[in-house]
*Asks:* 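Have a look at the structure that comes next, please.
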Amino acid sequence: MLEVLNPATEDVVATVPAATAEDVDAAVARAVRAQAGWAAAAPADRARLLRRFAAVIDGHVEELARLEVREAGHVIGNARWEAGNARDLFDYAAGGVERLTGRQIPVPGGLDLTILEPLGVVGVIAPWNFPMPIAAWGTAPALAAGNAVLLKPAETTPLTALRLAELALEAGLPEGLFQVLPGEGAVAGNALVEHPGVAKIVFTGSTRVGKQIMARCADRVKRVTLELGGKSPNIVFADADVEAAALAAPGSFLDNSGQDCCARTRILVQRPVYDRFLEVLAPAVASYVVGDPADEKTQMGPLISRAQLDRVRSYVPAGAGIRGSAPEGPGFWFPPTVLTDADPASPVAVEEVFGPVAVVLPFEDEAEAVRLANATEYGLSGSVWTRDVGRALRVSQAVKAGNLSVNSHSSVRYWTPFGGYGQSGLGRELGPDALAAFTETKNVFISTEGPAQ
Ligand code: NAD
């Protein structure tokens, strides 16, 4: 049994049976049957059903958001966005079904066609930090490309995933096509990875587990997409609108209590504006509204679990740094924290804390900014604040990360590709090419030469 706790109160929200390896076997068998019918259905019908699924999600945004507040402690405004993001993913992917075209390549002696075939059954293994969006990032394009999906949500956050599966049936998606298997990573997750009937694994989670999964997929040459950790830089040049940069910085690492793979947790500030930047940042951090996630005014809720709270505490000396507030009493609370004297090589400056903690480091010039930004094994996101267009482009090109933003902290848009360099992952999700990652390309050559005389 999985016990789902409300991280703001520690009350038990639900208990959910945990899927066993046998449950995964049975689910794969159902998915194989459903996928055959789905792939054979007319593209327009598949597109229509996915659009209908999006419409049903749209009708349940508030319900899904409230569920996410309770199981994950997300603030209600974010949770609504997350349910809306899942809806948008299915809508967007539906538009791809009828546009998933192969090519006709000029060759001598015949006609050459490429055909994009579905992979079959896809396993999506999701983390707890954005349960709905990340489930949809894998599931929507996989279904649109003609696959069946088995989704394993994180142990702590199975409820919205289970509800999405019910809504899929309500929308008319065939039984067995999209199934949710709540369970332990080492049991249900592992069974998906090992199962010969699962053609691809889309994994989002820690780099540690991602590496294990990649190694196990290698045994079967199983396809894999990995979205892993990050330690993203926020680079503020002296020629930027420094006030705007300082006011935007708290949200870039406090959103979702810092449990965001794109969190800008290494704030690099050019020396001449370093003091001014902190002068504006400090009160913005101190006044960040932390508390009941169901309250519309709250900006930051709790961490997901006691284990995560202990992990975050282990990185930060008690009382250190610029601090915001956090409620006392039950719940997994940690205050917004900015460290200004961290050693750039210390764990808090190098490792992914996955909590509301950032370090601020000064730099002298563009070359040093780029060097510091790239001094990480990760490469997921990053921001550049400057009014100099040339510098914005130079630095965006020089930083080794998959998702850069200039004078903004936006990383995730369903229209544009998302993924990491280095140990932040492998492959890309979202954007116009998302469906292609769930297909095999088959090449067929048709000879136009007559029979040999
Ligand atoms: P995690 O790696 O512990 O777990 C992720 C998922 O993998 C869970 O569903 C878990 O049950 C499952 N799992 C664990 N062990 C497994 C195993 N041996 N076999 C199969 N599945 C297994 O990560 P988490 O703590 O849930 O999530 C936080 C991490 O996710 C952070 O590192 C964060 O950066 C990363 N993340 C990355 C992105 C991205 O897009 N790059 C997005 C969100 C989160």
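One-based numbering, in listed order, for ligands and for the atoms of each. We're numbering straight along the sequence, starting at 1. These numbers come from the heavy atoms of this one structure, side chains and all, not from hydrogens, waters or symmetry mates. Fair warning: this is a prediction, and the values are worked out from it, not measured in the lab.
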*Asks:* Return yes or no for this condition: an N or O of Gly185 is under 3.5 Å from an N or O of ligand 1.
*Replies:*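 Yes, Gly185 has an N/O under 3.5 Å of an N/O on ligand 1.
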*Asks:* For Phe418, is at least one N or O under 3.5 Å away from an N or O on ligand 1?
*Replies:*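 Checking ligand 1 against Phe418, no N or O pair falls under 3.5 Å apart.
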*Asks:* State yes or no: are the ring centers of Phe354 and Trp128 separated by less than 6.0 Å?
*Replies:*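 Phe354 vs Trp128: aromatic centres under 6.0 Å.
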*Asks:* Does only the side chain of Cys262 get under 4.0 Å from ligand 1, or the backbone, or both, or neither? Count heavy atoms.
*Replies:*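 Neither part.
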*Asks:* Compute the minimum heavy-atom distance from Gln308 to ligand 1 and say whether it is under 4.0 Å.
*Replies:*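 Flag not set, Gln308 not near ligand 1.
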*Asks:* For ligand 1 and Glu155, I'd like to know whether there is a polar contact (N/O to N/O, distance under 3.5 Å).
*Replies:*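 Yes.
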*Asks:* Is a side-chain donor or acceptor of Gln259 paired with a backbone partner of Ile304 at a separation under 3.5 angstrom?
*Replies:*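 Here the side-chain-to-backbone pair exists.
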*Asks:* Looking only at distance, does Trp128 have an N or O less than 3.5 Å from an N or O of ligand 1?
*Replies:*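 Indeed, backbone or side chain, Trp128 has an N or O that close.
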*Asks:* May I ask you to decide if the ring planes of Phe90 and Phe53 are parallel, tilted or perpendicular, using 30° and 60° as cut-offs?
*Replies:*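 It falls in the tilted class, 30° to 60°.
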*Asks:* Taking non-hydrogen atoms only, is Ile213 closer than 4.0 angstrom to ligand 1 via side chain, backbone, both or neither?
*Replies:*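 The answer is the side chain.
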*Asks:* What's the verdict on side-chain contact (heavy atoms from CB on, under 4.5 Å) for Phe253 and Ile267, showing C-alpha distance, side-chain angles and the deciding distance?
*Replies:* CA-CA 10 Å; Phe253 73 94; Ile267 307 177; 4.2 Å; yes
*Asks:* Might you point out which heavy atoms bring Lys400 and Tyr421 nearest each other, and give the distance in Å?
*Replies:*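 Heavy-atom minimum between the residues: C-CD2, 3.6 Å.
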*Asks:* In ligand 1, which numbered atoms sit nearer than 4.0 Å to a non-hydrogen atom of Thr204?
*Replies:*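 Near Thr204, meaning under 4.0 Å from one of its heavy atoms, ligand 1 has 5 (C), 36 (N), 37 (C), 38 (C), 39 (C), 40 (O), 42 (C), 43 (C), 44 (C).
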*Asks:* May I ask you to identify, for Ile125, whether its side chain, its backbone, both or neither come under 4.0 Å of ligand 1 on a heavy-atom basis?
*Replies:*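 Side chain only.
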*Asks:* To which protein heavy atom is atom 28 (C) of ligand 1 closest, and what is the distance rounded to 0.1 Å?
*Replies:*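 Closest protein heavy atom to atom 28 (C) of ligand 1: Phe354 CE2, 3.4 Å.
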*Asks:* Considering only NZ, NE, NH1 and NH2 on the basic side and carboxylate oxygens on the acidic side, decide whether Glu351 and Lys231 come within less than 4.0 Å.
*Replies:*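 Not counted as a salt bridge, because no side-chain N and carboxylate O are separated by less than 4.0 Å.
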*Asks:* Report the relative orientation of the aromatic rings in Trp385 and His409; use parallel for angles under 30°, tilted for 30 to 60°, perpendicular for over 60°.
*Replies:*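 Trp385 and His409: tilted rings.
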*Asks:* Are there protein heavy-atom neighbours of atom 4 (O) of ligand 1 below 4.0 Å?
*Replies:*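 So atom 4 (O) of ligand 1 lacks protein heavy-atom neighbours under 4.0 Å.
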*Asks:* State whether the side chain of Ser408 and the backbone N or O of Ser405 hold a donor-acceptor pair below 3.5 Å, judged by distance alone.
*Replies:*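 No: the side chain of Ser408 does not pair with the backbone of Ser405.
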*Asks:* Just to be sure I'm reading this right: ignoring hydrogens, which of Ala154, Ala188, Ala126, Gly189 gets closest to atom 6 (C) of ligand 1? Compare them by their nearest heavy atoms.
*Replies:*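 The nearest heavy atom belongs to Ala126.
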*Asks:* Do Arg30 and Glu175 meet the salt-bridge criterion of a basic N to acidic O distance under 4.0 Å?
*Replies:*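 No.
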*Asks:* Quick check on contacts: which atoms of ligand 1 are under 4.0 angstrom from a heavy atom of Pro127?
*Replies:*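 Per the distance check, 26 (O), 27 (O), 44 (C).
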*Asks:* Between Glu352 and ligand 1, which part of the residue brings a heavy atom under 4.0 Å of the ligand: side chain, backbone, both or neither?
*Replies:*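 Under 4.0 Å from ligand 1, Glu352 contributes side-chain atoms alone.
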*Asks:* So which bit of Leu380 gets within less than 4.0 Å of ligand 1, heavy atoms only: side chain, backbone, both or neither?
*Replies:*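 Side chain only; the backbone of Leu380 stays clear of ligand 1.
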*Asks:* For ligand 1, which atoms have a heavy atom of Ile134 less than 4.0 angstrom away?
*Replies:*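 What qualifies from ligand 1 is 42 (C), 43 (C).
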*Asks:* Going by heavy atoms, is Phe130 under 4.0 Å from ligand 1?
*Replies:*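 In this structure, Phe130 fails to qualify as a contact of ligand 1 - no heavy atom is under 4.0 Å.
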*Asks:* Verify whether one side chain among Ser383 and Arg264 offers a donor that lies under 3.5 Å from an acceptor in the other.
*Replies:*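 The criterion, which ignores hydrogens and geometry beyond distance, is satisfied for Arg264 and Ser383.
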*Asks:* If we ignore hydrogens and angles and just use 3.5 Å, is the side chain of Glu352 paired with the main-chain N or O of Gly229 as donor and acceptor?
*Replies:*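 Pair absent, no side-chain N/O of Glu352 close to backbone of Gly229.
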*Asks:* Below the 3.5 angstrom mark, is there an N/O of Ser206, backbone or side chain, next to an N/O of ligand 1?
*Replies:*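 Between Ser206 and ligand 1, an N or O pair is found under 3.5 Å apart.
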*Asks:* Check this for me: does any side-chain nitrogen of one of Glu166 and Arg163 sit under 4.0 Å from a carboxylate oxygen of the other?
*Replies:*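 Salt bridge flag = yes for Arg163 with Glu166.
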*Asks:* Side chain, backbone, both or neither: which part of Thr207 has a heavy atom under 4.0 Å from ligand 1?
*Replies:*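 It is neither; nothing of Thr207 touches ligand 1.
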*Asks:* Among all protein non-hydrogen atoms, which one is nearest to atom 44 (C) of ligand 1, and what is the separation to 0.1 Å?
*Replies:*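 Answer for atom 44 (C) of ligand 1: Asn129 ND2, 3.1 Å.
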*Asks:* Return yes if a side-chain donor-acceptor contact under 3.5 Å exists between Asn256 and Asn129, otherwise no.
*Replies:*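 Asn256 vs Asn129: no donor-acceptor pair found between side chains.
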*Asks:* Yes or no: does Gly425 have any heavy atom under 4.0 Å from an atom of ligand 1?
*Replies:*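 Gly425 does not count as a contact of ligand 1 under the 4.0 Å cut-off.
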*Asks:* Would Gly420 count as a contact residue for ligand 1, given that I'm defining contact as a non-hydrogen atom of the residue lying under 4.0 Å from a ligand atom?
*Replies:*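 Judged by the 4.0 Å heavy-atom criterion, Gly420 does not count as contacting ligand 1.
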*Asks:* When the aromatic ring centroids of Phe418 and Trp137 are compared, is their separation below 6.0 Å?
*Replies:*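 They qualify: ring centres under 6.0 Å apart.
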*Asks:* Which of the listed options, Cys261, Pro153, Ser381, holds the heavy atom that is closest to atom 42 (C) of ligand 1?
*Replies:*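 Nearest option to atom 42 (C) of ligand 1, by heavy atoms: Cys261.
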*Asks:* Just need the protein heavy atom nearest to atom 35 (C) of ligand 1, so name the residue and atom and give the distance.
*Replies:*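 Here the nearest protein heavy atom works out to Gly205 O, 3.1 Å.
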*Asks:* Can you find an N/O atom of Lys152 closer than 3.5 Å to an N/O atom of ligand 1?
*Replies:*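 Yes, there is a polar N/O contact under 3.5 Å.
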*Asks:* I want to check a possible cation-pi pair here: Arg391 against Phe237, using under 6.0 Å from ring centre and within 45° of the ring axis as the test.
*Replies:*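 The answer is yes, since Arg391 meets both limits relative to Phe237.
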*Asks:* Could you tell me if any non-hydrogen atom of Gly210 lies under 4.0 Å from any atom of ligand 1?
*Replies:*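 False for this residue.
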*Asks:* Carefully, step by step, assess Val290 and Thr298 under the rule side-chain contact (heavy atoms from CB on, under 4.5 Å).
*Replies:* CA-CA 6 Å; Val290 182; Thr298 301; 5.9 Å; no
*Asks:* Return yes or no for this condition: an N or O of Phe203 is under 3.5 Å from an N or O of ligand 1.
*Replies:*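 No, Phe203 has no N/O under 3.5 Å of an N/O on ligand 1.
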*Asks:* Would you tell me which option among Val209, Thr225, Leu228 has the nearest heavy-atom contact to atom 41 (N) of ligand 1?
*Replies:*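 Going through Val209, Thr225, Leu228 one by one, Leu228 has the nearest heavy atom to atom 41 (N) of ligand 1.
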